[in-house]
Structure formats: structure tokens, C-alpha cells
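One structure is given below, encoded as C-alpha cells.
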Amino acid sequence: MLDTDAMDRAPLPGLDQLDRLADQVGRAGLQVRLVRDIDGHVSAAQGATIYRIVQEALTNTLRHAEAAHASVTVRRSDGELVVVVVDDGRGSDAPAGRGLRGMAERVAVHGGSLAYGTRDGGGYQVTASIPVETVT
């Protein structure tokens, strides 16, 4: 039986957990290159959203893409947090499933946007942009 009280007290995953996530996905068979270029504060809510986007994108890659490699870039640019996940798999023109819709909903909560699709030359790309929350 799950200890839901303990789950409620567990800290949200965030940017500091991305290395661990990349390692876990690597052990599952997908080589992941992770690049972070973020200066300054990122709220816990935005950090959790970024983590979940990366987690879902890499999970989709493992399940559907037949890919060997993926790259994850998280950076701050022009007042936005930008997350780009790219794989070298077979791509897909299938309509968005629950995972992609869930990513779009998570990003929309922060006033951001999500784009995804097959790349020219092969592979698949997910890009999320979230306006940086100002801390007062």
C-alpha cells in the first residue's frame, strides 16, 4: 500500500534532479546529453514543470522513437526558460497523445507554449518556453 502522506511531504522534483533523471534513462538504454545554461532563480513550480516536461519527453522517446541518443537543453533566454528535447529516432506524425497534451497543460499554467514534431532530417523535438517568474 502506498504511503500517500509521505508522498504529499516529498519535495517536488526540479532542475537539481535532471542529472539523476538522465542517468536513469541512460540505464534504460537511451544515451542522454544534458546541457543547462540557467543563471538566477527558478521557482520551485517552474523547476518541477521543467523536470516533468523532460521526464515525459524522454519517456516518449524510450517508448516510441527507437532512438539511441537524445539531448536535453535547458536555458534562460530573453526572459524565458526554454527546454528543448531532441532525439535521433524515427519521428512521428501521430496526433498528440496524453503525454504531449499533459506537457502543454503544464506549460500553459505558467503562460508558456509547447511545440513538438518530427524534425527535418529525422528525429523528434519537443520545445517548451515558459516566461520567467519574477521574485519580489
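In what follows, residues are counted from 1 in the order of the sequence shown.
Going from atom CD of Q125 over to atom CZ of R119 covers 5.5 Å, rounded to the nearest 0.5 Å. Distance CG/L58 to CD/Q24: 10.5 Å, rounded to 0.5 Å. Between the CG atom in L30 and the CZ atom in R63 there is a gap of 13.5 Å [rounded to 0.5 Å]. A distance of 11.5 Å separates NE2 in H69 from CG in D87, rounded to the nearest 0.5 Å. From T59, atom OG1 reaches atom NE2 of H64 across 9.0 Å, with rounding to the nearest 0.5 Å. Here the straight-line distance linking atom CG of N60 with atom CE of M103 works out to 5.0 Å at 0.5 Å rounding.
Within a 6.0 Å sphere centred on CZ of R90, other residues, nucleotides and ligands contribute more than 12 heavy atoms. Within 6.0 Å of CG on D16 lie more than 12 heavy atoms contributed by other residues, nucleotides or ligands.
The heavy-atom pair separating A68 from D88 by the smallest distance is N-OD1, 2.9 Å. Across every non-hydrogen atom of H110 and P131, the tightest pair is O-CD, 3.4 Å. Among all heavy-atom pairs drawn from S113 and V107, the shortest one is N-CG1, 3.1 Å. Across every non-hydrogen atom of I53 and A128, the tightest pair is CD1-CB, 3.8 Å. Across Y51 and Q17, no two heavy atoms sit closer than the pair CE1-CB, 3.6 Å.
Both I38 and V126 are part of a single hydrophobic cluster, where members link through side-chain heavy atoms under 4.5 Å apart. Hydrophobic clustering (side-chain heavy atoms under 4.5 Å, transitive across Ile, Leu, Val, Met, Phe, Trp, Tyr) keeps V84 apart from V132. Tracing side-chain contacts under 4.5 Å through hydrophobic residues (I, L, V, M, F, W, Y), one never reaches V82 starting from V54; they form parts of separate clusters. Tracing side-chain contacts under 4.5 Å through hydrophobic residues (I, L, V, M, F, W, Y), one reaches L34 starting from L62; they form part of the same cluster.
At least one side-chain heavy atom of V74 sits less than 4.5 Å from a side-chain heavy atom of I50. Residues L114 and R106 are not in side-chain contact: their nearest non-hydrogen atoms beyond the backbone lie 4.5 Å or more apart. Within the 4.5 Å cutoff, side-chain heavy atoms of L15 are placed close to those of V42.
When atom types are taken as modelled, the side chain of T118 and the backbone of Y124 share no donor-acceptor pair closer than 3.5 angstrom.
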